[in-house]
Enquirer: 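After the structure tokens below, expect a handful of questions from me.
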Amino acid sequence: MSKSQSHINDTQITDEIVAEHGLTPDEYQMVCDHMGRTPNYTELGVFSVMWSEHCSYKSSRKWLKKLPVDGPQVIQGPGENAGVIDIGDGDAAVFKMESHNHPSFIEPYQGAATGVGGIMRDVFTMGARPVANLNALRFGQPDHPKTRHLVAGVVSGIGGYGNCIGVPTVGGEINFDKSYNGNILVNAMCVGVARTDKIFYAAATGIGSPVVYVGSKTGRDGIHGATMASAEFDDASDEKRPTVQVGDPFTEKLLLEACQELMASDAIIGIQDMGAAGLTSSSVEMADKGGVGIWLDLDKVPCRETHMTGYEMLLSESQERMLMVLKPGREAEAEAIFTRWGLDFAVIGELTDTGRMVVSHEGQTIADMPLGPLADGAPEYERPYVPTATAPAFDAALLTKAPDMGAALKTLMASSEIASRRWVYEQYDSMVMGDTLAGPGGDAAMVRVHGTDKALAISTDVTPRYCFADPVEGGKQAVAEAYRNISATGATPLAITNCLNFGNPERPEIMGQFVGCLEGMGDAGRALNFPVVSGNVSLYNETNGTGIMPTPAIGGVGLLKQLDKAVGNRLTGNGQVIYLLGETHGHLGASLYQRDVLANDTVFAPPPVDLEKEAAHGAFVRAAIDDGLLAAAHDISDGGLAVAIAEMSIGPGIGANITADGDAAFWFGEDQARYILVVETDDAVALEARAGDLPLTRIGTSGGTDLQFADKVTISVAELHDLNEGWFPALMQG
Amino acid sequence: MKATIHITLKNGVLDPQGKAIENALGQLGFGGVNEVRQGKLIEVDLDESDPAKAEAALAEMCEKLLANTVIENYQIHLNDA
Amino acid sequence: MKATIHITLKNGVLDPQGKAIENALGQLGFGGVNEVRQGKLIEVDLDESDPAKAEAALAEMCEKLLANTVIENYQIHLNDA
Amino acid sequence: MQAAVIVFPGSNCDRDVAVCLEAAMGQAPLMAWHGDAALPKCDLIVLPGGFSYGDYLRCGSMAANSPIMREVVAQAQKGAAVLGICNGFQVLTECGLLPGVLMQNTGLNFVCRNTRLTVTNNKTAFTAQYAAGEEITVPVAHNEGNYFADDDTLKQLQDEDRIAFTYAPSDNPNGACLDIAGISDKAGRIVGMMPHPERRAEAALGGEDGKRMFTGIVEALS
Ligand SMILES: Nc1ncnc2c1ncn2[C@@H]1O[C@H](COP(=O)(O)OP(=O)(O)O)[C@@H](O)[C@H]1O
Ligand SMILES: [Mg+2]
């Protein structure tokens, strides 16, 4: 039985084996230099995962450092399992977003499910109880043969995991575009709540402290790159092992409860989930952050399968596992808790003063490596990039072929981007935990902080077609839209997480998109006091040389101090006065109107983002809501003014008479920094008075069962409702 | 012709259902249960009466729809009428 | 001893999952599929080596836990080693 | 009065229902752990929603076999009021306290949304604060809520006036026989229902239609 182990480390490291591990010859040389000798097979595997793009951020680190990460509200910025912000009264919000793109393309149900499980562990590792899940999904064209299968699988996987563990899925977004045909994006976000004095970090300290493994057993799940090699050493099976991880939400629920129970004591020094690169990255990160060394005895690792090599145990990505460092002597009390919850518990090593990671298995030392180089020794690449060329302004001549306004509105309401997502979100339990004030379907979701009168407002946003046409403006716009969505509920935007999905960074034009988006995102974060506290980068999203559109998804979190002040984004009665806040220039470049009504895919410049106006208009909306002046508020985004009005109408089934008038650019232009504000007649004067110099225009009144536009176009709200609700079910019925 | 298809998880793929059943049997006092794995049983009633053709059609159904071959294996059993 | 248990819906109990598979097969262009029913396959590895005793134990497991006899039937197959 | 919420591994609406019970009773209910073989004598026992034991195998089947359910059954037989919500309803059918079974939704998907219900029987221990035939809105959130029983059982439920709630016929989310959303035992002291009254017991959460389930039983037992 021990033959497999010695066998594996006897393997001669050849150029092919190095290449199979994804290391370049130069990187391999650096590994040898750090080691002072040739690494053995196990050590090579450990270096390869720690130095992978996913774990080391070697292509992106330089640019991530430029993001704004500070603010009085920030308790913990990037660098931990999740970001932490102060939400007053000793409470903190803990959140992060993460991608699970590739696994979801291979096996949509399990890929998406384990993505949700992984991001929740990042949040509860920090001592928070997860209170809300969101997801940002991008699929290929609706009529692409794979799309329907992928949508169905991903959606039921997200629901299957989140529903079972009992955390509400309260929001998200979905886009369809051909650039995702061979490369869907599944980004999951989780928000948790903790006490500010009970935040747990990864750093491991205290020489001799026990290193403890808890959760599920380790199997050969998700061992990447080197699967062929490992299969070779596996005498127990003849079939090629799948690398897909299977999620077990029930075990995760137990793990969550057991961790919370132990966290109520003071037994934990450091804790870290085993995510990508499993035991390896969790132990390296914990020991490195604490500035200590670590010794692991793999004979103690609970295994699900027989004959596992040390290499496999170190690299396995089995789900629902955690690594902790406990205060010495507290093992028994911790073990009692995990046992009671039916989970494995094993002391698998201890902290040392060597600054090295030493791994024993079957009586032999199978790896002995310096921690520093493993953790941050990966090369930082300054990949060459070419900035994206400036796109020309929208060609107004295209409008000569424009259909009439009513037909265009109907097309947009039933388009893949605007159509109701009910088919999706009714498969998610959005109400469990009893604090969901506004679930899916609004501008931002709102979740009460349990037992208080305050609420978190949460939104995920990005408009990939803007990022493609102009990465800088697109990056800004993603942040600005999250800011607007949160402001429209009345909440104050506090901080963001991001999930940066791009193509191959070794191509200068892709790197140019990345650099541009980060520049825009950074500018917006600074201008809006909306810093980045956590995030994730997913590169190499391409198939056969076709990259995805740049998709830097933003997850924004805001705070509403008094939840009863919140407003929704629907009309709430007849005779209400409807205002437009913000300037309308009629920017149709990169708009949905261009794509879906004109069916034109020329690259034109997207609407520019004026961050000062975003800040000023957002502040005005929030103050008006705080003073109880507004009956409803809705930010204007995809599809422009007319679509925003229609969206406010169809939910409650209340029509409106819009007296403002203009051309297609007026109705469907996607100018930024705009909101629709709705007030009761009695409040109209007060709202106008306080607007001062801000561009606030009265555009109509609510009432009836039709939408009337400037006495020229009349459409029944019911018809728009049916168009909007019908698209998704029709797609899924095929 | 009727056929029964057994769909089982591949070796090494985590089977939370099976594990849970195993534990529950233990709690109910059933001793000596070493392992439980849960799979699917699909019974199909086909017009086709030629066994070879039926088997070929069923294999194609498994590949295309019935089994998730990323993580599952399938076995076709023809029930001789 | 290893055993395989087939758990199937009783006659007359609606099987939406089976119906959905039937329809999906039709959409995929598989003709001549008259009916599809979906059930469960449970594989159990037991210490017991006496077939009669194994079968008795398995039947009890089915009655107590594995099958809901309001809607399901079960069949025990011992796999002779 | 003494009330207990049974917590199975995988229960996830235990806190939600405890919040409602506390609001109705003025005191927190006992949270009873599944592995405990003993349960103090209770007037009211609630089996909450969630995914007990992961809902692996069949929903509620393993919970029905857990040690504490022997106690629950014993106390129910002695007259304790029992409410099973969603997964709790599934547990009640699996352990035989209520007839029938909850099968997979005919739409084959999990469904979470508000549903319109009719209070078909307002004479159970839980529904006295509703008017007979009153229409209320309460959300569902389940994948297996499709109530099924053989024709004799269904007839018996009707004859004995044991259908507590039905979905409005155009609003049946799961294909349940006779639009059944909830049923009771013969005495009306054991009620199982798929909709979640605890999720609509507060204006901030969209409405208070579910609240009277809790104030009603507290009134009945005090
Ligand atoms: N795009 C980004 N913006 C800000 N922080 C980021 C970004 N990408 C990653 N980070 C931060 O880098 C750290 C490592 O991320 P990751 O490897 O995804 O964490 P984990 O291993 O916990 O999943 C985290 O603290 C994360 O918040
Ligand atoms: Mg982590």
Side-chain angles (χ1 to χ4, degrees), chain A residues 129 152 155-170 247-258 339-343 422-441 446-448 450-451 453 455 562-564 566 568 729 732-733, chain D residues 7-20 22-23 31 33-36 48-57 59 62-63 85-87 105 107-115 138-144 173-174 195-207 210:
Chain A
R129 180 170 279 279
V155 169
S156 62
I158 290 171
Y161 208 100
N163 299 349
C164 180
I165 196 168
V167 173
T169 301
V170 297
D248 180 358
F250 172 58
T251 296
E252 176 126 318
K253 166 79 173 161
L254 305 182
L255 189 60
L256 163 66
E257 299 302 337
T339 309
R340 198 170 83 91
W341 285 99
L343 296 164
R422 183 181 306 278
W423 184 90
V424 173
Y425 64 69
E426 283 190 347
Q427 294 187 50
Y428 303 148
D429 189 336
S430 54
M431 309 176 194
V432 63
M433 294 185 87
D435 287 310
T436 303
L437 307 170
M446 295 238 279
V447 177
R448 175 170 57 192
H450 191 67
D453 290 326
Q562 251 178 287
L563 61 87
D564 55 358
M732 297 313 293
Q733 264 148 35
Chain D
V7 185
F8 300 104
S11 292
N12 62 31
C13 303
D14 43 329
R15 185 187 79 180
D16 307 358
V17 79
V19 165
C20 292
E22 181 164 358
M31 305 304 278
W33 180 239
H34 76 114
D36 297 346
F51 288 68
S52 55
Y53 301 83
D55 271 356
Y56 297 145
L57 189 62
C59 300
M62 299 195 202
I85 300 170
C86 197
N87 193 227
N105 301 343
L108 300 180
N109 285 331
F110 189 96
V111 55
C112 173
R113 63 171 174 84
N114 281 320
T115 52
V138 180
V140 294
H142 58 245
N143 193 49
E144 284 88 6
N174 52 37
H196 286 270
E198 81 281 12
R199 295 186 181 189
R200 213 170 160 90
E202 198 186 339
L205 300 179

Enquirer: Check each atom of A:Leu437 against the heavy atoms of chain D and say whether the ones under 4.5 Å are side chain, backbone, both or neither.
Expert: both
Enquirer: Counting C-beta onward and ignoring hydrogens, is there a side-chain heavy-atom pair between D:Met31 and D:Asp14 closer than 4.5 Å?
Expert: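 When only atoms from C-beta onward are counted, D:Asp14 and D:Met31 do touch, with a gap below 4.5 Å.
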Enquirer: Quick check on D:Glu202 against chain A: is it the side chain, the backbone, both or neither that has a heavy atom closer than 4.5 Å?
Expert: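 Side chain only.
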Enquirer: If you count heavy-atom pairs within less than 4.5 Å of chain D, which of A:Asn163, A:Ile165, A:Leu563, A:Val155 leads?
Expert: A:Asn163
Enquirer: Does any backbone or side-chain atom of D:Arg199 lie under 4.5 Å from a heavy atom of chain A? Answer side chain, backbone, both or neither.
Expert: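 The side chain, not the backbone.
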Enquirer: Flag the pair A:Met431 / D:Asp16 as yes when at least one side-chain heavy-atom distance between them is below 4.5 Å, and no otherwise.
Expert: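 No, side chains not in contact.
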Enquirer: Under a 4.5 Å heavy-atom cut-off, does chain D meet the side chain of A:Asp564, its backbone, both or neither?
Expert: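 Contact with chain D: none, neither part.
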Enquirer: Need one label for D:Tyr53: side chain, backbone, both or neither, based on atoms under 4.5 Å from any heavy atom in chain A.
Expert: both
Enquirer: Looking only at side chains, do A:His450 and A:Arg129 share a donor and an acceptor under 3.5 Å apart?
Expert: no
Enquirer: Is A:Leu343 close to A:Thr251 at the side-chain level, that is, under 4.5 Å between some pair of heavy atoms?
Expert: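 A side-chain contact under 4.5 Å exists here.
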Enquirer: Counting heavy-atom pairs under 4.5 Å to chain D, which of A:Arg422, A:Met433, A:Lys253 comes out on top?
Expert: A:Met433
Enquirer: Counting heavy-atom pairs under 4.5 Å to chain D, which of A:Leu254, A:Val432, A:Thr436 comes out on top?
Expert: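 Most pairs with chain D among the choices: A:Val432.
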Enquirer: Please find the pair of heavy atoms, one from A:Phe250 and one from D:Gly54, that lie closest to each other, and give the distance.
Expert: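 Shortest heavy-atom separation between A:Phe250 and D:Gly54 comes out as CD1-N, 3.1 Å.
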Enquirer: Identify the two heavy atoms, one from D:Ser52 and one from D:Asn87, that lie closest to each other, and give their separation to 0.1 Å.
Expert: OG-OD1, 2.8 Å
